[in-house]
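Scroll down for the structure; my scribbles are underneath it.
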Amino acid sequence: MTWQWVYLADLRGATGLEGPPGSGGYKGTLSSGADLNTFYGLSFDGYYAVTTDAIAASLVNAPPGAKAGTFHIFKIGSTASNQMYLEYGATGRMFVSAATSTGRSRPWVDVAANMDNGIFPATTYATFNDVTVSSRYTVWSGSAATTYGAPSANTGTITTIVFGTAAWQEWRTTSAGAPGPQTWVRGKGTTGWGSWYSTSPAPDSAIASTPNGNRIAPVSVTRGWGGGNTTGSGFAKYLVTMPPKARRARIVVRNADPRYAIADSPAAALSTVSIGLSAGVADSSQSGVVTVATGASTGTNGFFSPWFDASAFGGKDAIVGIDWSSADTVQTNIGTGWTGAGTGATSTGATGASSGTLPFHIYLEVEIPASVPIYVGYGDSLLSGVSATRPVYDSWLNQYCRAVGAAAVHFTHSGDTMAGSWEPASVKWKEFGANFQAADAAFFGMGSNDVFGGADLATMQARFLAALPSVKRYLSPNVYALTIMPRTGVTGSAEDVRRSYNTWLRTQDVREVLPFAAAASADDEVLRPEYDADGIHLNTAGYGALAAVLPRTLVSTPAVFPGDPRLLDTGQVDEVFAGFVGSDDRMTALTIGADGDLTGYAAGRVGHSLGIENVALDSGQTFVVVDSQDRILFSDVDLLATEAALPTENWAHWGDSLTDDAVTGVDAWVNKLSTLTGKSHFNGGWYQQTADQIAARQGGLPAIVTVSGNVTAASGATTITSIVNKPVLASGTRSVAGILAGVPGSIKEPTAGTVQFTPDQAGVYSIPAKSVFIPTNGFAYKDRVITIWSGRNNVPLSTDPDLVVAAIRAMIDYLSPRVKRVIVMEVVPAEFDDSTMRTYTAALNTAIKAAFPEFWLDIASWLRTTAAASAAGITFTSQDNTDIANGNTPTSFRSDSTHLNATGCTAVAARVYSEAQRRGWIA
């Protein structure tokens, strides 16, 4: 290592070079076993000698693998100090850290591993094989590079990362001519250094450039894992979803496991590479098969097929087929597919045996319009969809992207960690090469293997902070963090660290922290039984529940700029600076000219939309917007055509404690209904809430908010001075996320009477008085089938039934499909209701039923029938019959005077399910 001298201070003192053993100077030698966490504050200010490697190895809380050198303490105050550890010798390292009276505030950081160490020290290391410390050196001649063992005779840099007895090296050239700078990598194990592998794909001169307004998405088919391999020959068929509006694509086949290195193993022969339309995910049947290539090879850098027209596959499931053979090692990876002997890539039948580990690393490069979002996941097996029926394909990321019409990109590897060679220079960030452009959003899902691998909170925080800049740089600047889920059966310190880390995440520089832990676990201790695959991973329904946590819209309507073909190509639009397009890639009415104003054409459209034109209306039209030639540009018929006719097959449930799974736990009827339907179900229950509060939380009766001073505080929570339709109740843990005056944040009532708004990103934002708050979940689930079970908490208040009806009506009107699929459920009695309350409950139910006869479900009355007992698999007891005679819910269904127990939840789930079948919503 080449050192550069930096002047820090004159430490000689009055008695010579070392100075007196006092504050700021030489303090003597460290003894064996000294704990470096205890060296902080005024009394330790100075530096100590570590005279031997043996003493260094005995030190507690020292840098990893510390050698002889000096240990420096720089005081900050009486309870904190910065620390620096300098190793002695030509290859010595420099570490920095900090310690306080409460422990080490950040892990040791190897500074030398993150800086340029100058020219390769040939007097210290004969070749690259001999480098033993993390470092980066420059080689200034091709002949010297060859002498040192570089894989190419060029000038360049050699980077070494050492972790324990293993290591990794990257050789990066500085060639200015063709084929341009190249990158090579290799690894070191117990048997020494392996071979060099090029990670720079060969240029494809035949590829036409991507037109403006389009981009390339590397759609993941398989993902890395703990490792496995095969050899011989056979065929493999892989299941993948092509993004919507795909225009062209090519298939990439690499003989590699991307978890450990992007470099390829020895070349394998690919006699056939094909793609066809999947006939169904149950088997490998396909149609419309296109042979993309024959007689190919994975080569040294992987096989990149010719581009093919992908328009027939857009938004559909496809089968990638490969016939292959190799006398050497073929790496396997996780995914969904089928394998068999012989050839079968282009077979249209259900050939091959189903498998979750498949040969090769496969992805598609797909050209799509810029209007199709690209979402990327950074994570481990929980993001790859391990233990789902169909790994990768059924991962929550892929389920979500299919639901919203996006392209799914995975930087996910089973078994990986934040510390798993994801340093900023790692080639793992460059897995998809130069064709990968920043995604619209990235999901930071790494961390489970870190925390359950023994990392403490400080280490977790340090790893997150080290990885986040690279996620923003290489994947997307729009990062959503995911809370880490519990593991069933794991208790103790790991769980304490996990919960503290999840809380800390909410303070970090991300757009939002998504509550995956809450979606997967009812008590933040164990995974929900209906989702739990093996105590760690989820089944397909569980991953679907995670997908349901995400907002349906992460990306707004995209802007386009000059040259984009989606701008109008007529002479009506001149000197366009920018415009906006809809989801169909057609430009909207908004186009901005070079002067910053609306173009003449756009202004004309706006003007005519505000005026009245005498034009003949077509059948069914009640209003139109026309241009200056009286041509119809837009009508109410067009408006209706943009709305979904029917809701999705997923559900959302809005209510009070009778719905809230925090009250009924894993036995909540919503969870049981989810199992019956096999669809995603959002639980929007909140105990003790009244009908208007539930409607406010759903968004149908939105909160109207005024904050103190009409601006948010620079940091932390801002007091809400006035709120109409309050969506929250006093709770130390619960809040409602949403958007207030365009500012994403959350409303919370930490103590009774104190309501606050906290922006997701700290800052001073203008919040005009009486701003409307739009709840995130309510907006996200507007397109679902819903149940409404509210009104029970209005009984003690004797709320005017018309107000309860109005709240329910507002919730229904807020739904987006033209056809609403809603179940409004009868208010249940409580055992100790007096006569006044029973009279009110009857009147309230009469009013609700009269207002919504098409949506009504008399669930409370039904629970008092033998049909309910049969649905729950029980026979009513004598006490139950007494309850029924008194107009109460049977004791066998109750956990207290009002709420349902597990048996009651089973009955309710069965009744709602059968009602949905009766109405034709479920087959």
Side-chain angles (χ1 to χ4, degrees), residues 106-107 109 113-114 161 170 215-220 223-224 258-262 363 373-385 395-398 400-401 406-451 453 455 459-485 501-502 504-517 546 549-551 554-555 744 760-761:
R106 69 171 183 266
V109 176
N114 297 291
I161 302 295
E170 178 190 68
R215 53 183 175 170
I216 302 297
V219 177
S220 302
R223 294 311 308 152
R259 174 182 170 187
Y260 295 111
I262 308 303
Y363 63 92
I374 299 175
Y375 297 143
V376 57
Y378 166 67
D380 46 37
S381 57
L382 293 167
L383 222 158
S384 296
S395 66
W396 65 260
L397 177 62
N398 286 49
Y400 176 70
C401 286
V409 180
H410 285 254
F411 282 76
T412 66
H413 310 298
S414 180
D416 215 345
T417 67
M418 289 187 283
S421 299
W422 288 101
E423 60 279 346
S426 173
V427 292
K428 289 174 76 170
W429 295 114
K430 306 173 183 68
E431 176 181 344
F432 301 114
N435 272 341
F436 177 67
Q437 302 155 350
D440 296 285
F443 302 104
F444 195 120
M446 198 76 80
S448 181
N449 292 323
D450 296 79
V451 69
T459 302
M460 291 291 294
Q461 293 170 342
R463 290 178 181 178
F464 176 88
L465 294 173
L468 183 60
S470 293
V471 172
K472 290 186 174 183
R473 174 185 177 187
Y474 293 113
L475 306 188
S476 174
N478 302 315
V479 178
Y480 293 77
L482 318 176
T483 56
I484 298 176
M485 300 181 295
Y501 174 79
N502 285 345
W504 173 82
L505 269 183
R506 302 183 187 282
T507 67
Q508 298 311 296
D509 185 21
V510 295
R511 292 182 67 88
E512 187 176 350
V513 177
L514 301 174
F516 272 26
L546 299 187
V549 170
L550 277 65
L554 290 173
V555 182
D760 290 344
Q761 299 287 334

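Hydrogens, waters and symmetry mates play no part in the numbers below; they use all other heavy atoms, side chains included.
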So do Arg223 and Ser414 actually touch side chain to side chain, heavy atoms under 4.5 Å? no
Test Ile161 against Glu170 for side chain to side chain contact (heavy atoms under 4.5 Å, CB included), laying out the working first. CA-CA 9 Å; Ile161 302 295; Glu170 178 190 68; over 6 Å; no
Is there a donor-acceptor pair under 3.5 Å between the side chain of Asn502 and the backbone N or O of Ile484? yes
Value for OH (Tyr378) from OG (Ser470), rounded to nearest 0.5 Å, stands at 8.0 Å
I'd like to know if the side chain of Thr483 and the backbone of Ala517 have a donor-acceptor N/O pair within less than 3.5 Å. yes
What's the separation between atom CZ in Arg506 and atom OH in Tyr501, rounded to the nearest 0.5 Å? 12.0 Å
Judged by atom type as modelled, is there a donor-acceptor pair below 3.5 Å linking the side chain of Arg511 to the main-chain atoms of Asn478? no
Heavy atoms only: give me the nearest Ala439-Ile374 pair and the separation to one decimal. CB-O, 3.2 Å
Check the orientation of Phe443 and Tyr375. Use parallel for under 30°, tilted for 30 to 60°, and perpendicular for over 60°. perpendicular
So Leu550 and Tyr480, do their side chains get closer than 4.5 Å, heavy atoms only? no
dist Asp450:CG -> Asp416:CG (nearest 0.5 Å) comes out at 8.5 Å
For the residue pair Leu383 and Met446, establish whether any side-chain heavy-atom pair is separated by less than 4.5 Å. no
Looking at every non-hydrogen atom in both residues, tell me the closest pair between Asp380 and Gly445 and how far apart they are. OD2-O, 4.2 Å
Under the side chain to side chain contact (heavy atoms under 4.5 Å, CB included) criterion, do Trp429 and Val471 qualify, and how do the steps go? CA-CA 8 Å; Trp429 295 114; Val471 172; 3.7 Å; yes
Regarding Ser384 and Thr412, do their side chains bring together a donor and an acceptor under 3.5 Å, going by distance alone? yes
Is the backbone N or O of Arg259 less than 3.5 Å from a side-chain atom of Lys428, with the two atoms forming a donor-acceptor pair by type? yes
CG (Leu475) and CG (Leu468) are apart, to the nearest 0.5 Å, by 10.5 Å
Could you check Phe444 against Leu505 for side chain to side chain contact (heavy atoms under 4.5 Å, CB included), going step by step and ending with a plain yes or no? CA-CA 11 Å; Phe444 195 120; Leu505 269 183; over 6 Å; no
When you measure from the side chain of Gln761 to the backbone of Val510, do you find a donor-acceptor pair of N or O atoms at a distance under 3.5 Å? yes
Could you state the interatomic distance from NZ (Lys472) to CG (Asp509), rounded to the nearest 0.5 Å? 3.0 Å
Gly224 and Pro258 have their tightest heavy-atom pair at N-CG, 3.7 Å
Considering all heavy atoms of both residues, which atom of Pro469 and which atom of Ala466 are nearest to each other, and what is their separation? CD-O, 3.6 Å
Going by heavy atoms in the side chains, are Pro218 and Glu431 under 4.5 Å from each other? no
Closest non-hydrogen atom pair between Met460 and Gly447, with its separation: CE-O, 3.6 Å
Using the side chain to side chain contact (heavy atoms under 4.5 Å, CB included) rule, take Asn398 and His410 through it: C-alpha gap first, then chi angles, then the decisive distance, then the call. CA-CA 9 Å; Asn398 286 49; His410 285 254; 2.7 Å; yes
Determine whether Phe464 and Met418 make a side-chain contact, defined as any pair of heavy atoms from C-beta on separated by less than 4.5 Å. yes
Does any part of the side chain of Trp396, heavy atoms only, come nearer than 4.5 Å to the side chain of Leu482, both counted from C-beta? yes
